[in-house]
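What follows is a single structure, written as structure tokens, with notes after it.
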There are 2 protein chains.
Amino acid sequence: MKILIADDDRDLLGLIAFALTQAGYLVVRASDGPAAIRAFEEESPDLVVLDINMPGASGFQVCEAIRVKSRVPVMMLTVRGEEEDLVRALELGADDYLNKPFSPRTLLARIKALLRRAGVESTAPLAVGQVTLDVDEHTVRIGDGAPVRLTKLELRLLQMLLANAGRTVHSDRLLVQVWGHRNSGDRQLLKQLVHRLRQKIEADPANPVLLQTAAGSGYKLIVE
Amino acid sequence: MKILIADDDRDLLGLIAFALTQAGYLVVRASDGPAAIRAFEEESPDLVVLDINMPGASGFQVCEAIRVKSRVPVMMLTVRGEEEDLVRALELGADDYLNKPFSPRTLLARIKALLRRAGVESTAPLAVGQVTLDVDEHTVRIGDGAPVRLTKLELRLLQMLLANAGRTVHSDRLLVQVWGHRNSGDRQLLKQLVHRLRQKIEADPANPVLLQTAAGSGYKLIVE
DNA sequence: GCGCGCGGTAACAGAACGGTTATAAAGCGC
DNA sequence: GCGCTTTATAACCGTTCTGTTACCGCGCGC
């Protein structure tokens with residue numbers, strides 16, 4: 001699990017990096033905006049921690065640049081009291097924020113929660129009920145059938161449904177998690193993706209058993 | 001999603017309630033400490049917003065009372081500069097705080113982030129008396145009957161009635177909460193929706209037991 | 001009686017929704 | 001470039017949902 005941290009305060013950067021490394025994460029550092037954007041593109045981390053106040057490009061700009069091409073979880077570091085900054089960050093697509101000063105323990109807890117929510121916590125083969133998902137290989141196996149190859153989007157969709165197995169996941173949330181945007185007009189994309197995924201994982205795609213529709217809200221994966 | 005707001009400033013209370021209602025949340029109000037604790041127990045909200053300075057029992061006491069029996073997310077409203085209040089609130093288990101004065105937009109962004117962080121996004125089935133409402137699945141169960149699918153509007157209506165179970169909800173309020181407008185000519189919409197909902201949840205739709213008419217004002221849900 | 005307001009019911013049409021198919025555009029290895 | 005896979009866009013169809021119109025029955029004041 002790779003985490004990118006961007007902050008111009010070298011001491012703080014070192015402290016955070018130490019804490020995260022201890023916790024078993026791989027840490028990439030950047031100490032200004034442009035470096036952060038470059039590092040993001042080169043390293044494609046699983047999570048990004050951004051300070052708002054940075055030389056070069058502010059955390060806002062970095063967040064915006066990241067959001068254009070990715071839905072990776074972003075955590076913002078803010079100064080207490082700067083409400084407007086905070087709101088702007090959240091509206092730009094940041095997933096969580098943390099007021100300075102904070103304890104490394106708090107940061108770690110938040111990062112874990114964020115990763116869990118994004119469903120990227122474990123890269124190992126993920127098995128729930130009949131469905132066994134191998135994220136590295138981009139394959140699923142249903143029961144003891146042959147592994148089936150999935151595309152990037154199919155994988156992400158299935159990952160989300162698997163992370164919430166048995167519960168309904170709303171279309172809007174799926175749109176955000178899979179594509180990173182929420183234009184409600186893009187329901188067609190989801191329709192298509194679900195259709196294609198059903199062709200691959202359902203014994204009878206016309207009568208889905210695993211990937212069921214929750215009319216009016218979204219989809220859910222049935223496991224027993 | 002139900003939110004309890006406790007503040008002794010009626011104007012502020014109204015403003016917040018309006019903003020949150022517009023954003024699609026169900027709002028429960030309290031204007032002093034004891035009322036807040038009572039409301040918390042009766043309504044079991046998904047999130048609580050507490051002013052620190054309140055007559056009866058301070059926000060601290062309310063927060064403490066809530067924390068004894070629940071881990072629901074709590075947001076404190078503080079006056080800027082009162083650092084020790086803030087620290088005390090966080091130690092008592094508050095999850096976030098907001099300095100007065102704040103904009104409704106700020107509050108909304110923070111509440112969203114807090115809900116996300118708490119992972120409350122998927123609401124557990126909401127049960128009052130005979131009626132069990134599962135918002136995610138868009139279904140109700142009456143007693144131990146089979147789950148019945150509801151449409152979006154039916155769900156919203158039932159949600160509103162359930163949130164005010166036992167009390168009459170005025171037609172105008174239902175119109176605003178369900179459709180977002182108040183053209184009094186639109187009573188017919190409500191009539192229809194009530195009719196359709198009764199077909200689904202009443203054993204004998206012609207003689208409603210659960211969803212009763214309050215002649216001249218509105219409707220109410222009977223629970224015992 | 002009559003007219004009137006109110007709530008309940010029925011019926012229908014347009015909109016919205018989900019599934020499916022077809023086709024275009026983008027990405028990628030060669 | 002070429003061919004293949006993946007992704008996006010559009011169109012069609014059947015079903016469900018929703019808004020509208022109309023009508024019925026009841027209570028009430030006149």
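No experiment lies behind these values; they were computed from the predicted model shown. Per chain, numbering begins at 1; letters A, B, ... match sequence-line order.
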Looking at [N], I'd like to know if its phosphate oxygens (OP1 or OP2) sit under 4.0 Å from a side-chain N or O belonging to [X].
X      : N      : result
B:Y219 : C:dG8  : yes
B:R198 : C:dG8  : yes
A:H195 : C:dG19 : no

Exercise. Does a side chain donor of either A:T78 or A:N99 reach within less than 3.5 Å of an acceptor in the other side chain?
Worked result: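 Yes, side-chain donor-acceptor contact under 3.5 Å.
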Under the rule for side-chain contact (heavy atoms from CB on, under 4.5 Å), what residues qualify as partners of [X], not counting sequence neighbours?
X      : answer
B:A165 : B:V128, B:V223
A:K200 : A:V148, A:L150, A:T151, A:E154
B:R167 : B:E43, B:N164
B:D32  : B:P34, B:A35, B:P55

For this session: Do nucleotides 12-30 of chain D as a string where each nucleotide becomes B, S or -: B if the base has a protein heavy atom under 4.0 Å, S if just the sugar-phosphate does, - if no protein is that close.
Result: -----SBBBBB--------
Could you list the residues that satisfy side-chain hydrogen bond (donor to acceptor under 3.5 Å, both in side chains) with [X], not counting sequence neighbours?
X      : answer
B:E137 : A:T168, A:K220
B:R71  : none
A:K191 : A:Q188
A:R149 : none

Exercise. Tell me, which of residues 204-212 of chain B have any heavy atom that sits under 4.0 Å from an atom in DNA chain C?
Worked result: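 Here the set is B:A206.
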In whole Å, what is the span from the [atom1] atom of [X] to the [atom2] atom of [N]?
X      : N      : atom1 : atom2 : value
A:L190 : D:dA8  : CG    : C1'   : 14 Å
A:R187 : C:dG19 : CZ    : P     : 12 Å
A:L157 : D:dA8  : CG    : P     : 13 Å

Exercise. Can the positive tip of B:R117 be found less than 6.0 Å from the middle of the six-membered ring of A:Y97, inside 45° of the ring normal?
Worked result: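 Yes, cation above the ring, under 6.0 Å and within 45°.
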Problem set entry | Rounded (10°) bend between the five-pair end axes of the helix from C:dG1-D:dC30 to C:dC30-D:dG1 |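 Nearest ten degrees gives 30° for this helix.
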For this session: Please list, chain by chain and in numerical order, all residues satisfying salt bridge (Lys or Arg N to Asp or Glu O under 4.0 Å) with B:E202, sequence neighbours excluded.
Result: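 Per chain and number, B:E202 pairs via salt bridge (Lys or Arg N to Asp or Glu O under 4.0 Å) with no residue.
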